[in-house]
2 protein chains.
Amino acid sequence: MPKVTEEYRVARRTEIADAALRAFRRKGFHATSMAEIISEAGLSAGAIYGHFPSKEALVMEVATRIIDTRVADVEHLAELDPMPAPSALPRMLVEGMQRELGSPNVMLQLWGEAVTDPTVRALAASVVNRLRAVVGRYVSRWQQREHGLGSDEADALGAEQSVLFVAAVQSYIVQASLVPDFDGESYLRTQEKYLPH
Amino acid sequence: MPKVTEEYRVARRTEIADAALRAFRRKGFHATSMAEIISEAGLSAGAIYGHFPSKEALVMEVATRIIDTRVADVEHLAELDPMPAPSALPRMLVEGMQRELGSPNVMLQLWGEAVTDPTVRALAASVVNRLRAVVGRYVSRWQQREHGLGSDEADALGAEQSVLFVAAVQSYIVQASLVPDFDGESYLRTQEKYLPH
DNA sequence: GTCTATAGTAGGATAGAC
DNA sequence: GTCTATCCTACTATAGAC
């Protein structure tokens with residue numbers, strides 16, 4: 001298989017997935033027809049189906065991108081030195097997401113989709129777990145550095161508290177998508193104030 | 001308009017809405033066809049459409065029921081004497097919801113629907129606001145009784161903290177729906193531990 | 001690989017008898 | 001008010017030319 005062709009194929013897939021994301025952002029997953037994605041991509045039905053076998057495959061591709069980027073962001077954050085306080089995690093996660101997506105709407109739609117679609121649900125579940133894991137490690141490391149805890153004790157604290165940080169992000173997504181005059185800045189400040197230090 | 005007819009009409013609407021809820025619980029909103037709702041209700045298409053003009057109207061009816069019951073529960077809770085501590089609110093809300101719905105899945109689907117459907121979004125937004133308001137009043141009252149705060153100070157604290165309690169519930173709904181082996185009991189214990197007292 | 005045109009199908013809604 | 005039968009729209013996916 002020649003190298004140029006493979007690169008071209010990947011580029012096309014990316015191009016199509018980007019167009020799909022733009023369309024989904026406007027109208028959601030099921031409200032968006034293949035015709036709209038096709039039009040957004042500036043291609044034709046045949047061209048799209050040559051790269052993705054179905055609309056669901058396209059949804060999965062887009063979802064995987066969003067999600068993998070998010071987890072990578074956190075993992076990257078855990079490598080920083082000095083480490084920001086864990087209470088700053090929700091803000092960083094939320095801001096990264098908005099930078100990439102424009103709005104958290106798509107995330108909420110994805111969750112709704114996951115309820116009835118086992119494939120999407122498996123993906124979403126793995127994300128929540130990966131996010132909790134990486135946040136837990138982050139908290140553990142922070143506790144050891146900042147408060148001199150032993151690694152066992154710090155790990156336990158990280159496992160326990162990680163759920164709180166993840167919850168803060170999830171609730172931000174819900175409220176930012178649903179409440180028209182949601183004050184994200186105020187929400188984040190309150191969470192930072194009450195989350196453990 | 002004779003009284004008997006009106007009562008009958010309401011009873012039928014309730015019957016249909018209940019059947020729709022059962023169907024939605026299994027497969028979600030859009031994955032459920034009118035045929036399934038019709039079958040679940042043991043009626044026919046004509047009978048259903050005589051009471052609800054469209055599938056969307058049926059979704060709205062079901063959503064309104066779920067949501068109004070939830071808000072009423074909190075309002076009722078606020079009248080109790082002695083008042084349970086505010087940190088117990090998420091557990092009570094979650095348990096009430098599960099008693100009524102079986103699982104929080106439908107709630108998450110509703111949120112997903114809200115992203116693209118303005119009518120549903122308006123409903124969901126009003127619920128979040130009503131919930132925050134009633135929880136805020138609850139916290140305020142609790143702070144005055146338990147810690148002797150002045151009403152202005154207590155109100156401010158209630159407004160600030162209410163978002164935390166609502167967030168705990170929202171995140172429970174997300175995780176319980178998405179993560180197969182989600183440990184709700186452990187989640188609630190952790191939230192209760194860290195939520196303000 | 002990509003296009004146009006279309007096949008195939010599912011599901012929401014309605015018409016008209018009773 | 002309710003039932004049966006059916007229409008019609010909208011969508012995904014494919015077939016075949018270039």
Side-chain angles (χ1 to χ4, degrees), chain A residues 1-24 26-63 109 112-113 116-117 119-120, chain B residues 1-63 109 112-113 116-120:
Chain A
M1 194 183 290
K3 187 158 177 278
V4 181
T5 304
E6 176 63 13
E7 274 175 2
Y8 178 80
R9 210 182 59 84
V10 170
R12 252 296 134 93
R13 279 181 66 93
T14 306
E15 199 180 310
I16 294 169
D18 285 348
L21 175 55
R22 286 195 299 276
F24 291 150
R26 284 199 300 272
K27 303 185 60 180
F29 288 114
H30 14 261
T32 301
S33 68
M34 282 304 281
E36 287 168 290
I37 295 174
I38 288 159
S39 154
E40 178 73 40
L43 294 173
S44 68
I48 305 274
Y49 279 96
H51 292 275
F52 295 94
S54 69
K55 184 183 173 183
E56 196 193 331
L58 214 36
V59 171
M60 284 300 295
E61 174 76 15
V62 169
Q109 287 176 57
E113 197 84 0
T116 49
D117 183 331
T119 316
V120 178
Chain B
M1 196 182 291
K3 187 157 176 281
V4 181
T5 304
E6 176 63 13
E7 275 174 3
Y8 177 80
R9 210 183 58 84
V10 170
R12 251 299 135 93
R13 279 181 65 92
T14 306
E15 200 180 308
I16 293 169
D18 285 348
L21 174 55
R22 287 195 298 277
F24 291 150
R25 208 150 57 185
R26 284 199 299 272
K27 304 186 56 179
F29 288 112
H30 13 263
T32 301
S33 68
M34 284 302 281
E36 286 169 292
I37 296 174
I38 288 158
S39 155
E40 178 73 42
L43 294 173
S44 67
I48 305 274
Y49 279 97
H51 292 275
F52 296 93
S54 68
K55 184 183 174 183
E56 194 191 334
L58 212 37
V59 170
M60 283 301 294
E61 175 75 15
V62 169
Q109 288 177 58
E113 197 85 359
T116 50
D117 183 332
T119 317
V120 177

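Not measured: the values here are computed from a predicted model. As a basis for the values below, the full set of heavy atoms in this structure was taken, side chains included, without hydrogen atoms, waters or symmetry mates. Numbered from 1 within each chain, the chains take letters A, B, ... in sequence-line order.
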I'd like a table of donor-acceptor pairs (distance under 3.5 Å, sequence neighbours excluded) in which one partner is a side-chain atom from residues 41-51 of chain A, with atom names and distances.
none

Roughly how many Å is it from CD in B/E56 to P in C/dG12, rounded to a whole number?
-> 13 Å

note: B/H30, atom NE2; C/dG12, atom P; distance rounded to Å ~ 12 Å

Restricting to pairs with a member in residues 28-50 of chain A, which pass salt bridge (Lys or Arg N to Asp or Glu O under 4.0 Å), not counting sequence neighbours?
-> A/R22-A/E40, A/R26-A/E40, A/K27-A/E36

Which pair of heavy atoms, one from A/L58 and one from A/A20, lies closest together, and at what distance?
-> CG-CB, 4.0 Å

Between D/dC11 (C1') and A/I37 (CD1): distance, integer Å | 12 Å

Kindly write out the residues that satisfy side chain to side chain contact (heavy atoms under 4.5 Å, CB included) with A/T14, not counting sequence neighbours, or none if the list is empty.
-> A/V10, A/D18, A/R65

For the student: nearest non-hydrogen atoms of A/T32 and A/A23, plus distance | OG1-O, 3.5 Å

Who passes side chain to side chain contact (heavy atoms under 4.5 Å, CB included) against A/T116, sequence neighbours left out?
-> B/Q109

Rounded to whole Å, CZ of B/F52 lies from P of D/dT2 at a distance of 12 Å

Compare every heavy atom of B/A57 with every heavy atom of B/P53, then report the nearest pair and how far apart it is.
-> CD-CB, 3.7 Å

N or O in side chain of A/R12 less than 4.0 angstrom from C/dT2 OP1/OP2 | yes

The bend of the helix from C/dG1-D/dC18 to C/dC18-D/dG1, taken between the axes of its five terminal pairs at each end and rounded to 10°, is 10°

Check whether any side-chain N or O of B/Y49 sits under 4.0 Å from OP1 or OP2 of D/dT4, and answer yes or no.
-> no

Give A/H51 one of three labels, base, sugar-phosphate or nothing, depending on what nucleic acid heavy atoms sit under 4.0 Å from its own.
-> sugar-phosphate

Kindly write out the residues that satisfy side chain to side chain contact (heavy atoms under 4.5 Å, CB included) with B/T119, not counting sequence neighbours, or none if the list is empty.
-> B/E56, B/M60, B/D117

Using whole Å, report how far CZ of A/R13 lies from C1' of C/dG1.
-> 15 Å

Separation of C/dA13 C1' from B/L58 CG (nearest whole Å) = 13 Å

In whole Å, what is the span from the CD1 atom of B/I38 to the P atom of D/dC3?
-> 10 Å

Grab the CD-C1' distance between B/E6 and D/dG1 for me, whole Å please.
-> 15 Å

What nitrogen or oxygen pairs link the protein and nucleotides 4-11 of chain C at under 3.5 Å?
none

By side chain to side chain contact (heavy atoms under 4.5 Å, CB included) - contacts of B/V59 (at least two apart) | B/F24, B/F29

